[in-house]
Amino acid sequence: MHQVISVTDILLAILANLDAHPSSLAAFARTCTSLHEPAIGVLWSRLYNLVPLIKLFPDDAWEMKLKEEEDARYQWRSPMPVVNLTRAPVAPHDWLAFDKYACLVRHLGSDMPVHQEFDNRFAHEHLYYAREHISLTTWQMLAVCRRTSLVPWLQSVVWPLTPCHNDIGTILYLQLLVCPQLRRVTVNPDFPLHDEESVRCNLPPLESILGALHTTCPNLEAITMLSFSGPLPSAPIRLSVSSRLSSHLIAFRHLKSIQCRGVKFSVRDVLRFSAIPVLESLSIDMFDDDNAPIATENTYHTSTPWIFASLTRMSIRLYSLQCYMKLAVASPSFPQVEELELSADALTQSSIPQLAPVFANIASLFPPDTLTKITIRDYSSYAHLTISQNVAITPQILRHLFIFRNLRQLRIAAWSWRTEYGDNLLVDMAAAWPNLRHLDLNTSVEASGWEKSRFLVTLRGMLTLAWRCRELNYLGVLFHADPSSFPDHEELLEQDLRVVDGSPVLASLRRLNVSWSTITNPEQVAAIVSKFFLPSMTVDSACGRWSNGDFESDTGTESSDNEAWGSVAGLLPVLCGVREEERKRARRLVASGRFSAI
């Protein structure tokens, strides 16, 4: 064995690269005694479920049965293998092998469905155990035989353990995995909390799990709860569930991350999360449960200010923009927030929602020097467009965000909105956000019944923005590409052919999303943009994308503008190649002193 392998850090780095290849790790462990222990540690550090550990019981203690059913949710093929304990493992020697390897497990469960994991990451591996169920009887026997944690050094768990059916009858067995070392817990309840009966039956087991975590895991850092099913509950039910769950969550004083989707928290309960002093990431749903159209300052008045002292990432999904307005009335403080994401249904109101106050409140609530990423999403449906007029992205609302001088990313993912900004706003953006790396203001304007976007941005404005924001790598704006609008002023013309380290001026721009942008004379447009862009740049449209000359359709639809942008994407590598040859020739002439020949 090479002496380099004897260096622990190097060996662990090699084994970390084999983490996605269990068979390779197993072969590595069988190589020699000095490699066995570290390889086995990595091999057993992450499991999908407890099946490998249960199979370490004596052969007469367990059996594998085929269950003649099919679960469409997980795309299981019938019959399904089910691991079942045939007797209770009560003798100490029954647990010897189980406990030996259970001490090595650090992560249990999968963050994605098993079939997706198989398709993407482990398609070449025979991890059949990830598709094997654990029977409810087995969980019951384990709970009777072992009062302490089954996996004593577990650091993170995702429940339910794939492919365990998730219902209220199994969630209590999560307590068998709770241990003092636990740092991250993800629970996907997938049961309803929409009426009094469902709350009475389903919420207490979840509260019991949270209580066990609070008692046993003093250093728990992250709690994630996703996928509560069922219809939207009534206001009293929402308020009850919100209050009870928030009371449990704020009891964890060392929590750094809370992600809770499906439970509609009230504005008051969202503010209560400020009591967690080290909370860094908050991702929740919020619902408007106040009767008043807009709450007054006294509604959330308290002697202690709502200060989220350590929060750096905030993601809130709102029922309507009014929810955010009520949150802003309480004047919470977010001194450290770097990433902000607001998701709402902007068209649920009968009248046109006022976006300017929302953007103004973002500018007033969040720190101008630390906020670097803003994402705003709108989930309005086609049905809303029959009763509401779609809203517009205007210069007036975007200028509120100019206060954030260190902004790196701005994304407005609102397919139903329209655009009413022009070249002047893009020039001002470049001045306000010189370090901008990602800008996406695209909307879709082809749906029937929408008020159409006004294509006020020209090729000149788009190129000027990209030229002045030298770190920009993604640009998505609606514009009209007309060669006649190409800038003719001397300042930009002098920069047209400048190269930096042999690359075009806009070498950082890797992706251009033109969406439904219109275009005239694609050959001339391609000749212009080839002065700036790399030939490998990906061009996205509303119908698909072009990358390295290949087209990948997204919608199956076509349009004349889409075909024209396809021509631009096809010509771009050719024209960029010609310009690169011209640049090389110019550099050779400069090196030889023949300036007049350029």
Side-chain angles (χ1 to χ4, degrees), residues 338-340 359-360 362-363 366 368-376 392-413 417 419-443 453-501 503-515 517 525 528-534 537-540:
E338 299 175 1
E339 300 181 13
L340 172 65
F359 281 74
I362 292 176
F366 295 93
D369 297 326
T370 61
L371 191 63
T372 60
K373 181 178 178 181
I374 300 176
T375 301
I376 298 176
I393 305 175
T394 63
Q396 289 73 24
I397 64 173
L398 289 177
R399 290 184 190 278
H400 288 293
L401 306 182
F402 284 179
I403 190 176
F404 303 111
R405 304 294 297 177
N406 294 318
L407 196 67
R408 300 288 195 277
Q409 175 174 323
L410 174 61
R411 185 184 181 202
I412 299 181
W417 294 12
T419 59
E420 291 187 354
Y421 55 87
D423 288 348
N424 291 337
L425 181 67
L426 266 61
V427 173
D428 293 342
M429 282 183 179
W433 305 322
N435 300 318
L436 192 64
R437 298 175 183 173
H438 184 111
L439 178 65
D440 188 0
L441 301 179
N442 273 325
T443 60
S453 289
R454 299 171 62 189
F455 290 80
L456 302 178
V457 176
T458 66
L459 189 62
R460 170 181 179 172
M462 188 270 293
L463 289 176
T464 302
L465 172 70
W467 169 60
R468 294 184 178 180
C469 297
R470 295 303 177 88
E471 298 182 23
L472 192 68
N473 55 55
Y474 183 100
L475 177 59
V477 293
L478 287 175
F479 63 98
H480 177 58
D482 185 352
S484 62
S485 65
F486 183 69
D488 53 2
H489 54 286
E490 295 182 359
E491 179 186 12
L492 195 52
L493 283 177
E494 290 177 356
Q495 302 291 336
D496 284 349
L497 301 180
R498 177 184 294 182
V499 294
V500 179
D501 296 330
S503 300
V505 173
L506 305 181
S508 63
L509 191 63
R510 300 293 179 177
R511 195 160 187 172
L512 176 64
N513 192 335
V514 300
S515 189
S517 297
V525 172
I528 292 172
V529 298
S530 65
K531 299 179 181 180
F532 299 91
F533 301 141
L534 293 175
M537 183 185 67
T538 299
V539 179
D540 291 340

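If you read the sequence from its start, that first residue is 1, and numbering goes on from there.
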Trace of the side chain to side chain contact (heavy atoms under 4.5 Å, CB included) decision for Leu475 with Asn513: CA-CA 6 Å; Leu475 177 59; Asn513 192 335; over 6 Å; no

In Å, rounded to the nearest 0.5 Å, how long is the span from [atom1] of [X] to [atom2] of [Y]?
X: Arg460; Y: Phe479; atom1: CZ; atom2: CZ; value: 15.5 Å
X: Thr372; Y: Glu339; atom1: OG1; atom2: CD; value: 6.0 Å
X: Met537; Y: Ser508; atom1: CE; atom2: OG; value: 11.0 Å
X: Ser515; Y: Leu478; atom1: OG; atom2: CG; value: 5.0 Å

Contact summary for [X] and [Y], nearest pair of heavy atoms:
X: Ala481; Y: Leu459; answer: CA-CB, 4.4 Å
X: Arg511; Y: Asp540; answer: NE-OD2, 2.6 Å
X: Leu465; Y: Met429; answer: CD1-CB, 4.2 Å
X: Cys469; Y: Ala430; answer: SG-CA, 3.7 Å
X: Val427; Y: Arg468; answer: CG1-NH1, 3.3 Å
X: Leu472; Y: Tyr474; answer: CD1-O, 3.5 Å

Evaluate the criterion side chain to side chain contact (heavy atoms under 4.5 Å, CB included) for residue pair Leu371 and Leu340; output intermediate values, then yes/no. CA-CA 8 Å; Leu371 191 63; Leu340 172 65; 4.0 Å; yes

So do Leu512 and Met462 actually touch side chain to side chain, heavy atoms under 4.5 Å?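 A side-chain contact under 4.5 Å exists here.
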
Are any non-hydrogen side-chain atoms of Asn442 and Val514 less than 4.5 angstrom apart?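 When only atoms from C-beta onward are counted, Val514 and Asn442 do not touch, as no gap falls below 4.5 Å.
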
Would you please test Phe533 and Leu509 for side chain to side chain contact (heavy atoms under 4.5 Å, CB included) and show each step? CA-CA 7 Å; Phe533 301 141; Leu509 191 63; 3.3 Å; yes

Under 3.5 Å, side chain of Ser517 to main-chain N/O of His480, donor-acceptor pair present?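 Not a single qualifying donor-acceptor pair exists.
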
Keeping Thr394 on the side-chain end and Glu420 on the backbone end, is there a donor-acceptor pair under 3.5 Å?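 The answer is no, because no donor-acceptor pair under 3.5 Å joins these two groups.
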
Passing option when Ile393 is tested against Val477, Ile412, Ile376 for side chain to side chain contact (heavy atoms under 4.5 Å, CB included):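 Testing Ile393 for a side chain to side chain contact (heavy atoms under 4.5 Å, CB included) against Val477, Ile412, Ile376 leaves exactly one candidate, Ile412.
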
Qualifying side chain to side chain donor-acceptor pair (under 3.5 Å) pairs with a residue from residues 422-440, counting only residues at least two apart or across chains: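 Listed by first then second residue: Arg399-Asp428, Asp423-Thr458, Arg437-Glu471.
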
Kindly write out the residues that satisfy side-chain contact (heavy atoms from CB on, under 4.5 Å) with Ala360, not counting sequence neighbours, or none if the list is empty.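 By the side-chain contact (heavy atoms from CB on, under 4.5 Å) rule, Ala360 matches His400.
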
Give the table of side-chain donor-acceptor pairs shorter than 3.5 Å for residues 402-409, with sequence neighbours excluded, one pair per line with atom names and distance.
residue : atom : partner : partner atom : Å
Arg405  : NH2  : Ala431  : O            : 3.4
Asn406  : ND2  : Asp369  : O            : 2.8
Arg408  : NH1  : Asn406  : O            : 2.7

